[in-house]
**Q** 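Here's a structure for you.
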Amino acid sequence: MDIIVQKYGGSSLSDTEKIKFVARRIVETKKKGYKVVVVVSAMGKTTDNLINLAKKINPSLPERELDLLLSTGEMVSVALLCMAIETLGEEAEGFPGYFAGIKTDNFHTKARIQRINPGKIMQELDKDKIVVVAGFQGISSENAITTLGRGGSDLTAIAIAAAIKAKLCEIYTDVEGVFTADPNRVKEARLIKEISYDELLEMASTGAKVMQSRAVEFAKKYKVPFVVKPTFNKKGEGTMVKEMEVKEGADVSSVSIDENQAKITIFRIPDKPGVAAEIFTALGKENINVDMIIQNVSKQHYADVSFTVNINELDKAFELSKKVGEKLGAENIEKDTDICKISIIGVGMMNHPGVAGRMFSALAKVGVNIEMISTSEIKISCIVKKEDGEKALKQVHKEFIENNI
Ligand code: ADP
Ligand code: ASP
Ligand code: MG
């Protein structure tokens, strides 16, 4: 019998009626002849609310305790969904992440999965039960509960699908699938029928929160095909995500915006070998992801270095930068949260020259100034002022998607 893994996001479980609806979908899948493993997120905005609660008690948010707290959100969903499934006459077995055998490293709040021991999941499936696993959590080698980074239930689902060799992993959410831009912000956005891991990975890591980027990375590495589908539209076919050949065609397939970016600038540091290494090694040791980096042209052997980090890591990154900057004799260190990142993504970009120029012209047309630029083979990102984000997103979408019938 084939196994299907289904993941339901927080927005699909935000009240009891939705939980009952989801339970019916799960039971229908089992009745079609599949073994079903379900991965759930916390109800609605539970995770945000728990973070805010913790901030009121201890603003420094001790990470080990935060993980313990956040893991409770997913447990509520597991218990309620199992109860709902049982009212439909099926047996359900609910698991916290550690019971499902999800072992991680010790980096609290963004732990990485090191291995999965799916023995217990398989045992329960063999007893004809529906298994419901709490997403977003695992257990470290120190036996502490860890979480897998925001949006991490996607990763739980993909990783379990890989470990138990599921036929398919279905990610159910509150939109019809993956669109050319966030459909809640750009009403002209179009549903994408199929997309490659690489493109979705770039989308996810540039702010399209429809999938967690680590989950896509994992799916690509272990070749887990998955589909992003609407929970509440049973006819919706969603977006199929898989390895795809590069085809001739449109240059840009999607546009994204990331408003959780912050910039740090270290002014006037010596322009000599080893300085950049010192700054970024210090950040790397603390597991802080640096996104864009620019260094201006050196004047009299001194240079300014700017880089961006996720806003959640800003305080930590700023403190570290101050320490290293002072050691290097920097004149000043500043942080800026008034920015966002607009990105265009498309494998077709490789074969189409002039894409960057078109993006910059589109931004110029609506008077948007570009502060930083970075490119990869299939992506171009620009940092702009936060207040310009919305119009930049819409204009770039118009230029590359709407005008490209
Ligand atoms: P879930 O609770 O199911 O995990 P999320 O809120 O994490 O759902 O992700 C779904 C949301 O992602 C959508 O409501 C949508 O606003 C947003 N989103 C951003 N970019 C895109 C995109 N390109 N396509 C689809 N949804 C997107
Ligand atoms: N509940 C967690 C979050 O809000 C995990 C998830 O939704 O995937 O980030
Ligand atoms: Mg999500």
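Numbering of ligands and ligand atoms starts at 1, following listing order.
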**Q** Nearest protein heavy atom to atom 27 (C) of ligand 1, by residue and atom, and its distance?
**A** Val210 CB, 3.6 Å

**Q** Salt-bridge test for Glu91 and Lys127: reply yes if a basic N is under 4.0 Å from a carboxylate O, no otherwise.
**A** no

**Q** Distance to 0.1 Å, residue and atom name: give those for the protein heavy atom nearest to atom 11 (C) of ligand 1.
**A** Asp174 OD1, 4.0 Å

**Q** Look at the side chain of Gln212 and the backbone N and O of Leu148, then say whether any donor-acceptor pair between them is shorter than 3.5 Å.
**A** yes

**Q** Do the numbers put Lys229 on top of the ring of Tyr172, so that NZ or CZ is under 6.0 Å from the six-membered ring centre and no more than 45° off the axis?
**A** no

**Q** Ignoring hydrogens and angles, tell me if any N or O in the side chain of Lys386 forms a donor-acceptor pair with the backbone of Thr337 under 3.5 Å.
**A** yes

**Q** Test side-chain contact (heavy atoms from CB on, under 4.5 Å) on Ile257 and Lys341 and set out the steps.
**A** CA-CA 6 Å; Ile257 179 166; Lys341 184 168 75 175; over 6 Å; no

**Q** Considering only heavy atoms of Pro183, which atoms of ligand 1 have at least one such atom less than 4.0 Å away?
**A** 24 (N), 25 (C), 26 (N), 27 (C)

**Q** Check each heavy atom of Met203 against ligand 1 and say whether those closer than 4.0 Å belong to the side chain, the backbone, both or neither.
**A** side chain

**Q** Give the numbers and elements of all ligand 1 atoms closer than 4.0 Å to a heavy atom of Thr173.
**A** 1 (P), 3 (O), 8 (O), 10 (C)

**Q** Between Val175 and ligand 1, find which residue part has any heavy-atom pair under 4.0 Å and reply side chain, backbone, both or neither.
**A** side chain

**Q** Please work out whether any backbone atom (N, CA, C, O) or any side-chain heavy atom from C-beta onward of Gln212 is under 4.0 Å from ligand 2, and answer side chain, backbone, both or neither.
**A** neither

**Q** To the nearest 0.5 Å, what is the distance between CD1 on Ile51 and NZ on Lys45?
**A** 11.5 Å

**Q** Output the list of atoms in ligand 1 that are nearer than 4.0 Å to some heavy atom of Ala208, sorted by atom number.
**A** 19 (C), 20 (N)

**Q** Against heavy atoms of Asn184, which atoms of ligand 1 measure under 4.0 Å?
**A** 13 (C), 14 (O), 15 (C), 16 (O)

**Q** Which one holds for Lys7 and ligand 1: side chain close, backbone close, both close, or neither close, with close meaning a heavy atom under 4.0 Å?
**A** side chain

**Q** Would Gly152 count as a contact residue for ligand 2, given that I'm defining contact as a non-hydrogen atom of the residue lying under 4.0 Å from a ligand atom?
**A** yes

**Q** Report, in ascending order of atom number, the atoms of ligand 1 lying under 4.0 Å from any heavy atom of Phe179.
**A** 22 (C), 23 (N), 24 (N), 25 (C)

**Q** Within the 4.0 Å heavy-atom shell around Val178, which atoms of ligand 1 are there?
**A** 24 (N)

**Q** Among all protein heavy atoms in this structure, tell me which lies nearest to atom 7 (O) of ligand 2, with the distance rounded to 0.1 Å.
**A** Ser41 OG, 3.3 Å

**Q** Go through ligand 1 atom by atom and flag the ones less than 4.0 Å from a non-hydrogen atom of Gly10.
**A** 2 (O)

**Q** Could you tell me, atom by atom, which parts of ligand 1 come under 4.0 Å of a heavy atom of Gly177?
**A** 24 (N), 25 (C)

**Q** Would you say Thr47 and ligand 2 have an N/O pair spaced under 3.5 Å apart?
**A** yes

**Q** Counting non-hydrogen protein atoms only, what is the nearest one to atom 9 (O) of ligand 1? Give residue, atom name and distance.
**A** Lys209 O, 3.4 Å

**Q** Tell me whether the NZ or CZ atom of Lys110 lies within the 45° cone about the ring axis of Phe136 and under 6.0 Å from its centre.
**A** no

**Q** Return the OG1 to CG distance between Thr265 and Asn332, rounded to the nearest 0.5 Å.
**A** 9.5 Å

**Q** Are Ile342 and Met359 close enough, and set up right, to give a side-chain contact (heavy atoms from CB on, under 4.5 Å), and what steps lead you there?
**A** CA-CA 10 Å; Ile342 302 290; Met359 178 176 188; 4.1 Å; yes

**Q** Is there a donor-acceptor pair closer than 3.5 Å between any side-chain N or O of Thr239 and the backbone N or O of Val178?
**A** yes

**Q** Counting non-hydrogen protein atoms only, what is the nearest one to atom 3 (C) of ligand 2? Give residue, atom name and distance.
**A** Arg150 NE, 3.3 Å

**Q** Between Tyr302 and Phe267, does the ring centroid distance fall short of 6.0 Å?
**A** no

**Q** If I apply the N/O under 3.5 Å rule, does Gly151 come out as touching ligand 2?
**A** yes

**Q** Looking only at N/O atoms, are Asp182 and ligand 1 under 3.5 Å apart anywhere?
**A** yes

**Q** Looking only at heavy atoms of Ala181, does any of them come nearer than 4.0 Å to an atom of ligand 1?
**A** yes

**Q** Taking Glu199 for the side chain and Val347 for the main chain, is one N or O donor matched with an acceptor at less than 3.5 Å?
**A** yes

**Q** Counting heavy atoms only, which part of Ser153 comes closer than 4.0 Å to ligand 1: side chain, backbone, both or neither?
**A** neither

**Q** Output the distance between atom OG (Ser321) and atom CZ (Phe307), rounded to the nearest 0.5 Å.
**A** 3.5 Å

**Q** Just to check, does Ser11 reach to within less than 4.0 Å of ligand 1 when the distance is taken from its heavy atoms?
**A** yes

**Q** What distance separates Lys31 NZ from Arg24 CZ, expressed to the nearest 0.5 Å?
**A** 12.0 Å

